[in-house]
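Below is one structure, written out as structure tokens, with a few remarks after it.
Fair warning: this is a prediction, and the values are worked out from it, not measured in the lab.
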Amino acid sequence: MEQKERQKREYMLPDMDSTFRVFGAHSRTVDPGWSYPLHKHPLFEINLVLTGTQQFSVERESYTQQAGDLLLFRPGDLHESRVSGEEDMTYYCLHFDVDEPSFRELLCRSPRCFYPSDSELAMAIRPALDKLIGLTVSQEAVLRTEARMHVLSALFELFASLSGTLSKLNQDPAGLRNSELASRVAIMLEEAVEEAAAAGLMNDKDTVTSIAAAVGYSTSSVNRLFSRAFGVSPRQYLSTIMLKKAKLLLMDPELTIEEISSRLGYNNIAHFSRQFKRWTGEAPSRFRDRFHD
């Protein structure tokens, strides 16, 4: 009887289709005269001071970073930095992007970017950062597959700590309401791509406009709320979903590239190929060959 009861129970993880990208992660020691000019980029960034002092400016707000203090800022934030004092400064910097909607929304809704060494967030993510710093300095991740897997493990640990801590810290009711609307729009954009792929009727401009009407807001309001929640516009987010769908379809050897182009709403295969190359840097045929090599 007990065995039958055990057989009746079934536990499953949800299907997951999320990607993240990490760029230019590095540890660096610089002299007292060092500075980095004002700039911005389309990525999230974690900047951690390990020794010395750094003066950092993010969107005209100035922060003094001591050892253990970190900054977490969003795509498009204008920032610059310089060494403060007469000692060398060592820092660790990690640029990343994620397309998981709920995590992206948490990162963009964070009310502040400076976290002292004794803050809940800094202490929560420091163990994962220390693992990444060790792997970066050792350079093993460049050479050994096993070490690269350790990097991925540390990154997932970092993102889990980030999302868990930010969920506790970001409890503003107005922000939650706006994020719920943005999340609803994100789900509708994903559904639109799936429906369009089945019917071959994709139009990114009309899609955003129709979704805005469906949720009862103007297109400009949806653009503003969505960009605030996710750090990208609805059309940019739609392009990300389209790319993921294109990759999934290209993995199916039964479909021709022309059929995939048509499913995604492109007028011709050349237009689709140009767009796919802008997204990825390679032609759809090359992506398919590489996947099936």
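To the nearest 0.5 Å, the span separating CD1 on I269 from OG on S285 amounts to 8.5 Å. Here the straight-line distance linking atom CZ of R82 with atom CD of E80 works out to 9.0 Å at 0.5 Å rounding. We find the CG-CG distance between L72 and L166 to be 6.5 Å, quoted to the nearest 0.5 Å. Atoms OG1 and CG, from T29 and D88 in turn, are 7.0 Å apart once rounded to the nearest 0.5 Å. Put simply, CD on E120 and OG1 on T165 are 5.5 Å apart, with the number rounded to the nearest 0.5 Å. Residue L129 holds its CG atom at 11.0 Å from NZ of K131, rounded to the nearest 0.5 Å.
Ring to ring, F156 and F20 are close: their centroids are under 6.0 angstrom apart. Ring centroid separation for the pair F159 and F96 comes in under the 6.0 Å cut-off.
No donor-acceptor pair closer than 3.5 Å links the side chain of H150 to the backbone N or O of R148. Between the S210 side chain and the T207 main chain, a donor and an acceptor come within less than 3.5 Å of each other. Side-chain atoms of S221 do not come within 3.5 Å of backbone N or O of Y217 as any donor-acceptor pair. Of the possible polar contacts, none joining the E190 side chain to the I187 backbone as a donor-acceptor pair under 3.5 Å is found. Put simply, the side chain of S261 gets close to the backbone of N268: a donor and an acceptor are under 3.5 Å apart. H39 places a side-chain N or O within 3.5 Å of a backbone atom of H79 that can act as its donor or acceptor partner. A distance-only check finds a donor-acceptor pair linking the side chain of D69 to the backbone of S117 [under 3.5 Å]. Panel note: side chain E59, backbone L78; a donor-acceptor pair is recorded below 3.5 Å.
Closest heavy-atom contact between V22 and L155: CG2-CD1, 3.7 Å. Considering all non-hydrogen atoms of both residues, D252 and R288 come closest at O-NH2, 2.9 Å. Between S27 and T90, the shortest heavy-atom distance links the atoms OG-CG2, 4.2 Å. S233 and Q236 make their closest contact through N-OE1, 2.8 Å (heavy atoms, listed as atom of the first residue, atom of the second, distance). The two residues Q65 and V49 make their nearest non-hydrogen contact at CB-CG2, 3.5 Å. Contact record, P234 with F226: N-CD2, 3.6 Å, taken as the closest heavy-atom pair.
When the side chains of ILVMFWY residues are joined at heavy-atom separations under 4.5 Å, either directly or via intervening members, L225 and L238 end up in a single hydrophobic cluster. Hydrophobic clustering keeps L132 apart from L71 (ILVMFWY residues linked when any side-chain heavy atoms are closer than 4.5 Å, directly or through intermediates). L50 and I125 fall within a single hydrophobic cluster, where Ile, Leu, Val, Met, Phe, Trp and Tyr side chains are chained together by heavy-atom contacts under 4.5 Å. Hydrophobic clustering (ILVMFWY, side-chain heavy atoms < 4.5 Å, transitive): Y237 and F276 are in one cluster. One hydrophobic cluster, built from ILVMFWY side chains closer than 4.5 Å, holds both F44 and Y92.
More than 12 heavy atoms of other residues, nucleotides or ligands sit less than 6.0 Å from atom CD of E282. Other residues, nucleotides and ligands contribute at most 12 non-hydrogen atoms within 6.0 Å of the CZ atom of R60. Within 6.0 Å of the CD atom in E258, the count of heavy atoms belonging to other residues, nucleotides or ligands does not exceed 12.
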Inset, instruction - Take Q275 and Y266 through the side chain to side chain contact (heavy atoms under 4.5 Å, CB included) test and state the conclusion after the steps. - result: CA-CA 10 Å; Q275 181 60 61; Y266 290 93; 3.3 Å; yes
Inset, instruction - Quick one: do L94 and L158 satisfy side chain to side chain contact (heavy atoms under 4.5 Å, CB included)? Show the steps, please. - result: CA-CA 11 Å; L94 176 75; L158 170 65; 3.5 Å; yes
Inset, instruction - Just do the side chain to side chain contact (heavy atoms under 4.5 Å, CB included) check on L70 and F114 with the steps written out, would you? - result: CA-CA 6 Å; L70 66 84; F114 177 69; over 6 Å; no
Legend entry - Derivation of the side chain to side chain contact (heavy atoms under 4.5 Å, CB included) call for V151 and T136: CA-CA 9 Å; V151 170; T136 303; over 6 Å; no
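In summary, the side chains of Q54 and N47 do present a donor paired with an acceptor at a separation below 3.5 Å, with no hydrogens or angles considered. With no hydrogens or angles considered, no side-chain donor-acceptor pair links S84 and T53 at under 3.5 Å. Checked by atom type, the side-chain pair S81/Q55 shows no donor-acceptor distance below 3.5 Å.
In summary, E45 and R74 do not engage in a salt bridge, as defined by a charged side-chain N under 4.0 Å from a carboxylate O.
Paired with F56 under the rule ring-ring contact (aromatic ring centres under 6.0 Å, His included), one option of Y63, Y36, Y91, F73 passes, and it is F73.
Using a 4.5 Å cut-off on side-chain heavy atoms (C-beta onward), E194 and K245 make contact.
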